[in-house]
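Accompanying notes for the structure given below.
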Amino acid sequence: MHRYELLEHLRTQVDYTTREHILMGDLDLAVHATVSPFPANRYFSRTVRAAAPWATATRRHHYFWMRPEDLAEPVLGEVTRHADRGFRAERFRDGFYLTHHHGAPALLFVTEDATYVIGGDPSKVFWSYFVKVALTRHAHRSGRLHLKAGAIVAEDRTLLVVGRGGGGKTFLSLLASGAGATFVSNTHVLLAPDSTIGVTSSIRVRPDPAYDWLFARAETSPHFEGRESVIDPVDAGFRLAPSAGAPDAIVILDHSGRGDRSVEPVTPREARALVDHFAWPLNTYGMKYDVWDMVGGSLHRFSDYLDSESEQLDKLCGSVPALRVDWHLSGVSDVAALMAAVVGHC
């Protein structure tokens with residue numbers, strides 16, 4: 001069986017019991033899975049999940065997930081023989097996905113319009129690997145910039161929230177939204193010249209008394225990591241928006257734990273350094289091999305990609321204020337003064 005015949009078989013002849021469309025920004029992700037419900041879909045708000053394609057999407061990508069036992073033995077043999085052999089695919093065969101996430105081994109096929117995964121942990125593969133790669137690919141093809149960042153709108157100002165892992169990005173976004181700010185995104189954004197496009201994913205929260213107000217509002221479900229939970233932002237009663245204007249400020253969370261209450265401007269060079277290493281997917285998620293494959297393994301196209309990303313990052317960090325925020329927050333009542341201080345710099 002040729003590779004294209006095998007992929008056509010996987011696309012049309014496998015019994016997929018889940019067929020759902022997820023709107024990631026303006027990318028329609030068509031999910032096909034051999035289990036129902038597909039556990040990974042709950043990592044997106046129900047406001048962006050539908051049975052039919054999204055008319056507002058500008059592009060569609062298909063994601064097929066199946067268990068090895070869902071395939072007849074001859075087909076499984078062909079899958080093993082024809083599966084991708086690049087860096088990421090070989091890591092998948094050993095049960096390593098992206099960054100620190102690992103689980104059962106899996107086989108991987110990636111084409112222009114579809115990704116096929118056979119085996120592996122369905123939630124970890126989907127959320128920790130596929131979503132990040134799909135958004136980076138979509139941003140590249142649409143001339144946008146994909147960042148690991150939150151986005152909220154406070155007093156008509158679009159605030160891009162970035163920082164180190166565990167630095168308080170989610171906490172700030174949740175408290176501000178609980179106090180009346182508009183929630184655009186918690187984890188991923190696509191930046192266009194005149195807009196900030198959010199990805200309405202579920203919110204990952206750690207067990208902490210500071211979140212008691214949120215747990216009282218919304219039901220939770222367990223996250224695939226540790227004791228953390230996920231909450232659909234619509235259940236939290238937030239004002240939601242799929243997009244906002246271009247960023248008016250970059251808010252860099254740098255919580256010291258000393259009880260400080262400071263908002264201070266930083267230079268474009270300092271902002272760029274932080275965004276490069278904690279928000280830009282190539283560095284944040286270690287995706288250089290994925291991008292190399294995305295551009296067809298061409299050194300020239302890889303260099304062009306880096307040049308384009310660097311230009312967009314320079315423009316972002318050089319055109320709007322960047323603010324280092326070290327502000328002790330214990331609840332919703334504390335956030336109004338912080339938002340006033342941040343907006344005052346815009």
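No hydrogens, no waters, no symmetry mates; every other heavy atom, side chains included, goes into these values.
With sequence neighbours excluded, no residue forms a side chain to side chain donor-acceptor pair (under 3.5 Å) with Glu5. Residues that satisfy the side chain to side chain donor-acceptor pair (under 3.5 Å) test with Ser195, not counting sequence neighbours, are absent from this structure. Applying the salt bridge (charged side-chain N to carboxylate O under 4.0 Å, His left out) rule to Arg204 yields the partners Glu225, Glu228; only residues at least two apart in sequence or on another chain are considered.
Within the structure, ring-ring contact (aromatic ring centres under 6.0 Å, His included) pairs that include any residue of residues 148-190 comprise Trp127-His188, His146-His188, Phe171-Tyr211, Phe183-Phe238 (at least two apart or interchain).
A salt bridge is defined here as a Lys NZ or Arg NE, NH1 or NH2 lying under 4.0 Å from an Asp or Glu carboxylate O, and Asp28 with Arg60 meets this definition. A salt bridge between Arg3 and Asp84 is present, with a side-chain N of the basic residue lying under 4.0 Å from a carboxylate O of the acidic one. With respect to the salt-bridge test (charged N to carboxylate O, under 4.0 angstrom), the residues Asp232 and Arg46 qualify. The existence of a salt bridge linking Asp304 and Arg301 is excluded, since no basic side-chain nitrogen approaches an acidic carboxylate oxygen closer than 4.0 Å. Using a 4.0 Å cut-off between a side-chain N of Lys or Arg and a carboxylate O of Asp or Glu, Asp314 and Arg272 qualify as a salt bridge.
Of the listed residues (Arg59, Arg144, Arg141), just one forms a salt bridge (charged side-chain N to carboxylate O under 4.0 Å, His left out) with Asp26, and that residue is Arg144.
For the pair Lys124 and Tyr97, the cation-pi test (distance below 6.0 Å, angle within 45°) is failed.
The aromatic rings of Tyr63 and Phe130 lie tilted to each other, with the angle between the two planes from 30° to 60°.
Leu159 is not listed as a side-chain neighbour of Pro247, based on a closest heavy-atom distance of 4.5 Å or more. Looking only at side-chain heavy atoms (C-beta outward), Leu240 and Pro233 come within less than 4.5 Å of each other.
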N/O donor-acceptor pairs under 3.5 Å from side chains in residues 48-57, not counting sequence neighbours:
from: Arg49; atom 1: NE; to: Glu20; atom 2: OE2; distance (Å): 3.0
from: Arg49; atom 1: NH1; to: Asn41; atom 2: O; distance (Å): 3.3
from: Trp54; atom 1: NE1; to: His21; atom 2: O; distance (Å): 3.2

Show me the donor-acceptor pairs, under 3.5 Å and distance only, between side chains in residues 102-111 and residues at least two apart or in other chains.
from: Thr111; atom 1: OG1; to: Asp113; atom 2: OD1; distance (Å): 3.3
from: Thr111; atom 1: OG1; to: Ala114; atom 2: N; distance (Å): 3.1
from: Thr111; atom 1: OG1; to: Ala114; atom 2: O; distance (Å): 3.2

